[in-house]
Amino acid sequence: DAMVIQNPRYQVTQFGKPVTLSCSQTLNHNVMYWYQQKSSQAPKLLFHYYDKDFNNEADTPDNFQSRRPNTSFCFLDIRSPGLGDAAMYLCATSRTGTGAYEQYFGPGTRLTVT
Amino acid sequence: RKEVEQDPGPFNVPEGATVAFNCTYSNSASQSFFWYRQDCRKEPKLLMSVYSSGNEDGRFTAQLNRASQYISLLIRDSKLSDSATYLCVVTFSGGYNKLIFGAGTRLAVHP
């Protein structure tokens with residue numbers, strides 16, 4: 001039944017230790033997004049994939065990278081996590097066409113940096 | 001100025017109350033509008049789209065005023081289960097849909 005799956009749900013990493021968060025979808029949507037959400041703040045778009053095309057937001061730090069090996073999977077790599085990177089990371093998907101389509105969010109991965 | 005602005009609240013209301021949330025957006029090129037609901041420590045979920053003619057879904061009514069760049073959400077007969085954060089969202093279509101979120105308005109419904 002699950003449509004957008006994120007693993008792990010909770011991740012603890014050490015300052016500076018690379019970490020990878022994963023997202024998979026069963027919706028066959030061609031657009032996948034990664035958002036960062038800090039406490040009491042709006043979700044902030046980091047980047048998105050339109051099919052295989054990667055689109056980075058201008059203010060996304062270089063520390064954040066992403067991979068999309070196929071339609072179903074997308075990964076968020078944080079090369080050297082800092083304390084300020086502790087947040088909820090949300091993966092979302094949507095299809096494309098004319099007009100705006102609903103984005104389906106995964107349950108998120110809560111990242112703690114120690 | 002933030003692209004999407006909302007009163008953060010919290011709005012504390014008794015069960016059965018009517019409560020209204022407002023939202024303003026800065027970019028007149030915004031094309032689509034939504035309200036999302038986010039429960040504590042959970043992901044956002046689409047509550048309803050917002051159309052220029054206004055639209056209603058049960059106890060929820062959404063309105064859009066393009067001239068004033070203003071969106072509203074009205075909740076009638078509040079339930080305890082309505083307690084959540086309500087996120088105002090605008091989007092610019094064009095190949096993909098970039099959602100611009102407001103920071104959300106927190107609603108707490110008490111018995």
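This is a predicted model, so every value here is computed, not measured. Proteins come first, then strands; the chains are lettered A, B, ... in the order of their sequence lines, and each starts at number 1.
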Under 4.5 Å to a heavy atom of chain A? For B:Gln38 that would be side chain
B:Arg106, part contacting chain A, at a heavy-atom distance under 4.5 Å:
neither
Are A:Tyr33 and B:Leu99 packed together at the side-chain level, in the sense that at least one heavy-atom pair is separated by less than 4.5 angstrom?
no
With sequence neighbours left out, write down each residue that passes salt bridge (charged side-chain N to carboxylate O under 4.0 Å, His left out) with A:Asp59, or none if nothing qualifies.
A:Lys44
Once you round to the nearest 0.5 Å, how far does OH of B:Tyr36 lie from CD of A:Glu102?
5.5 Å
Which of residues 42-49 of chain B have a heavy atom under 4.5 Å from any heavy atom of chain A?
B:Glu43, B:Pro44, B:Leu46
Can you find a pair of side-chain heavy atoms, one from A:Gln41 and one from B:Phe101, that are under 4.5 Å apart?
no
Here the salt bridge (Lys or Arg N to Asp or Glu O under 4.0 Å) pairs for residues 28-39 of chain B, sequence neighbours left out, are B:Arg37-B:Asp39
Residues, nucleotides or ligands: over 12 heavy atoms within 6.0 Å of B:Tyr70 OH:
yes
Sort A:Gln37 into side chain, backbone, both or neither according to what part of it lies under 4.5 angstrom from a heavy atom of chain B.
side chain
So which residue, A:Ala92, A:Ser40, A:Ser39, A:Gly106, ends up with the most heavy-atom pairs under 4.5 Å with chain B?
A:Gly106
Test of understanding: with disulfide bond (SG atoms under 2.5 Å apart), list the residues that count as partners of B:Cys88, not counting sequence neighbours.
B:Cys23
Where on A:Tyr35 is there a heavy atom nearer than 4.5 Å to chain B: the side chain, the backbone, both, or neither?
side chain
